[in-house]
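In what follows, a structure is listed as structure tokens, so that the remarks can point back to it.
Counting begins at 1 with the first residue of the sequence.
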Amino acid sequence: MKKIITIDDFIVAGISGIGYGLGFKIPQILGYEEWQCGVICLIVGMALDKITSAVVFSKAVQSSTANRIMTFLAYISICTAIEYAFMSWKDISIEDYAMEGYAYLVVPAILGFAFSMALRKYRIWKIRKIYGDGSNGFIVDNQFEKSEIDRFNQQNQQIHGEFDKNLAVKTKTGCFVGQKEKDTIFFAGIPYAKPPVGELRWKAPEPLPESENIFEAKSFGASAIQVDYKGSVLKHHRQSEDCLTLNICVENKKTARKKPVIVFFHHGDFSYGGSADPLLHGENFTKIYPDTVGVTFNYRLGILGFIDFSEIPGGENYPDAINLGLLDQIAALKWIKENISEFGGDPEKITVIGFESGALSISLLAACEKAKGLFQKAFIFYGNPLAAYETPETSRNLAKKLLQETSTTNMEELLQISTEKLKELSQKLLLNFSPSPTRDGKLIPVDFAAAYRDGAASGIEFIIGIPSNEIKIFKSIVGNKKYEDFMSKEFDLLLRYIDNINPVGAKNVKAYIDEQSTKIPILKVKEKIYEQFCALNLYFFAKKLAEGGNKVYILYWNVKPLIENLGSGTIDVLATFLGSRKAAQIYGNVLNRDIAETLQKLFKKFEHGDELKLFNNEIKGINAIDWKNFPNALIVSEKSFKCEPIADKLTDVDCLREIFAE
């Protein structure tokens, strides 16, 4: 990654040092007072620093190494000649002058670097004190004060009196008054559909009526009813069936030009997650992406979002229950498209970004007719459509189990079950029935490979993110006690999926597991197979999109975790793109500023439709980056950025590679 001093930094530092030195020495010789010499020194040094930086980091100079070296030699020659002439004229020791001049620049730089490293070491020490070796997964229960949790759970109210009109935005469904945080105005808990409660439980989202009412938009809406895993922050946030809300983050600076919009789909596994997660707070969002409007939102999860009642008496009146979470997402995107211009956003420039279940959702919506035109670009990290169920079997079994657990016999009786009871059952049932969308052939295609190849997602540009060490994040979320059962369940689903698409491949995978389990624990073998199969599946997804004419870029995240047992993937990448230093620390990591700055600049180019190239003048201290599209990938590690093919890097298991061979 970045080096402390590069040739470019050396040129700028050298010329600045000369400037500081001359700026102090000449006035001193001419009889100025010390404080006056200091002021002139700063002015001359800073001016030379600015001018030199503009020249050295210009595209013309950075276009080739030869130009950089020639510029370096020219600057040194000119400045040395000026210095030598002045020193000879005043009979001053060149050696003493040089040491004195450079001390003004070098010593503060070294002290600043030492302070920055000490601060990083302190943060790492604090994290290790909390997490140890990370074997207990994410520890979130002791990282929040009661006052923070209370503030976290406040609710918005309707406003009947005076309000700050500078913080108010009128939409078709009401006027919402946000709150100012530094240079940002944050609007939280804005409803985008009718509350899906009472008779609307398990029904498709319905649009809100137009309204002139005025509401607070200062607090997050309730999270969806979900499983409270050990490592989930949202178990400390209020949950409700009335969860269809979104949050909008804008710069406190109005412009006539409409800004691009980024919509974040939260991570999880369709049984937990929400927009109130600290990873999505984006306290630095408008600083990193000043010309962008940011949006996060909630949607229904688990037994309230993905369940099939088709074989339950009365279930014919609930045909959408199988993919309600996806319909919620479409409703949110439609609300955004219709109203975001009031917040300064451009409804024709919407980029969606999702992780885990959010990524899977986006990959499904990309080929969904009802979502056509709702977004133009997509960044998908660790989620692809082939992970959705091909048949409704699991969702139907979940519905039958729900009836059994509640001692009910039909939909009318199910509607009488309390929210609290459904919450309790979510905790119990969803460990054995993984909730997920179903490729039903109605809302979303069954054969996604064919659909993408035939151009179902045409017009959308993609970044597909593949992690190398995601599996341990699952363990960190669910906790040690549940992880082995969780992994066994997920692995059984994986084997069933492989058996459906390639029976011979499934047989070979089982043989590989039997062979390897004599050498290492079977859980480790399953983890390896699961991780590498998912990576290959994502690559296959990217390939089908490219064959359908989409421009596709691959991001391969190969960054080592700070704490090995916590893994590195979704949590770190999301914190990196949003610059969420505090959230990264909550989840046991320290933000790598070099990686963050580089990827943020690349993502801004992606969002704005520019070429994914970085010249040396854009990111000081690293080599230029030319992120080429599929089959190449941008490989990110803590040491470097590389762009090269990765097909042969995703697995060392031959039987997995053969499954995807065409």
Side-chain angles (χ1 to χ4, degrees), residues 153-158 172-174 176 189-211 213 215-217 219-228 234 237-246 270-276 297-332 334-335 395-396 398-430 435 443:
N153 284 289
Q154 291 177 350
Q155 300 183 46
N156 294 321
Q157 305 294 329
Q158 187 172 343
K172 293 179 181 179
T173 56
F176 298 96
I190 299 176
Y192 65 81
K194 288 182 180 179
V197 299
E199 292 182 356
L200 294 183
R201 179 189 282 178
W202 291 308
K203 290 282 191 178
E206 294 188 3
L208 288 161
E210 293 191 6
S211 173
N213 292 334
F215 303 93
E216 290 179 335
S219 303
F220 288 109
S223 295
I225 300 297
Q226 59 191 269
V227 177
D228 292 336
L234 294 180
H237 188 239
R238 60 193 176 89
Q239 298 174 16
S240 171
E241 291 186 66
D242 180 6
C243 63
L244 303 185
T245 60
L246 52 77
F270 296 110
S271 70
Y272 80 98
S275 62
F297 68 100
N298 296 329
Y299 51 90
R300 281 173 282 185
L301 302 169
I303 58 178
L304 288 163
F306 301 95
I307 191 167
D308 184 2
F309 293 118
S310 60
E311 295 184 353
I312 305 300
E316 66 275 6
N317 296 320
Y318 299 85
D320 300 312
I322 192 169
N323 282 317
L324 280 176
L326 295 181
L327 291 172
D328 291 344
Q329 294 166 2
I330 293 170
K334 285 182 176 178
W335 190 97
S395 295
R396 284 178 184 169
L398 176 58
K400 293 173 184 176
K401 190 67 176 176
L402 180 61
L403 256 69
Q404 180 183 330
E405 291 288 335
T406 55
S407 300
T408 55
T409 59
N410 56 51
M411 291 303 301
E412 186 178 351
E413 293 175 1
L414 270 180
L415 287 177
Q416 304 308 312
I417 301 298
S418 69
T419 301
E420 292 73 20
K421 183 64 176 178
L422 288 176
K423 164 72 176 174
E424 178 188 328
L425 290 171
S426 293
Q427 200 73 17
K428 180 178 181 180
L429 296 181
L430 296 185
L443 181 65

For side-chain contact (heavy atoms from CB on, under 4.5 Å), just list the numbers for D328 and Y192, CA-CA rounded to whole Å, side-chain angles, deciding distance to a tenth of an Å, and then say yes or no. CA-CA 9 Å; D328 291 344; Y192 65 81; 3.6 Å; yes

What do you reckon, is CD of Q158 surrounded by more than 12 foreign heavy atoms closer than 6.0 Å? yes

Going by salt bridge (charged side-chain N to carboxylate O under 4.0 Å, His left out), name the residues that satisfy it together with E424, two or more places apart in sequence or in a different chain. K421

Which distance, rounded to the nearest 0.5 Å, do you find between the CD1 of I322 and the CG of L398? 11.0 Å

Looking at residues at least two apart in the chain, or sitting in another chain, which of them share a salt bridge (charged side-chain N to carboxylate O under 4.0 Å, His left out) with D242? none

Is R396 salt-bridged to E311, cutoff N-O under 4.0 Å? yes

Could you tell me the separation between the CG atom of N153 and the OG atom of S219, rounded to the nearest 0.5 Å? 9.5 Å

Could you grab the distance from atom CD1 of I303 to atom CD of E405, nearest 0.5 Å is fine? 10.0 Å

Would you please say whether a donor-acceptor pair under 3.5 Å links the side chains of T419 and E241? yes

Decide side-chain contact (heavy atoms from CB on, under 4.5 Å) for F220 and Q154; before the verdict, give the C-alpha distance in whole Å, the side-chain angles of both, and the deciding distance to 0.1 Å. CA-CA 8 Å; F220 288 109; Q154 291 177 350; over 6 Å; no

Mind checking the CG-CD1 spacing from L429 to I307? Nearest 0.5 Å is all I need. 8.5 Å

Student check: side-chain heavy atoms of K401 and Q404 closer than 4.5 Å: yes

Parallel, tilted or perpendicular: which fits the ring planes of W202 and Y318, with parallel below 30° and perpendicular above 60°? perpendicular

Closest heavy-atom pair and its distance - A276, S223: CB-OG, 4.3 Å

First locate atom CG of L246, then atom OH of Y299, and finally report the distance between them rounded to the nearest 0.5 Å. 14.0 Å

Measure the shortest side-chain to side-chain distance between R300 and P196 over non-hydrogen atoms and say whether it is less than 4.5 angstrom. yes

R238 versus Q155, closest heavy-atom pair with distance: CZ-CG, 3.2 Å

Do I312 and T409 pass the side-chain contact (heavy atoms from CB on, under 4.5 Å) test, and can you show the C-alpha distance, the side-chain angles, and the key distance before you say yes or no? CA-CA 8 Å; I312 305 300; T409 59; over 6 Å; no

Quick one: pull up CG in L443 and CD1 in I330 and give me the separation to the nearest 0.5 Å. 5.0 Å

Around atom CD of E316, are there more than 12 heavy atoms of other residues, nucleotides or ligands at under 6.0 Å? yes

Check for a donor-acceptor pair, side chain of N156 on one end and backbone N or O of G221 on the other, with a separation under 3.5 Å. no

Heavy atoms, side chains only, cut-off 4.5 Å: are K334 and P207 in contact? no

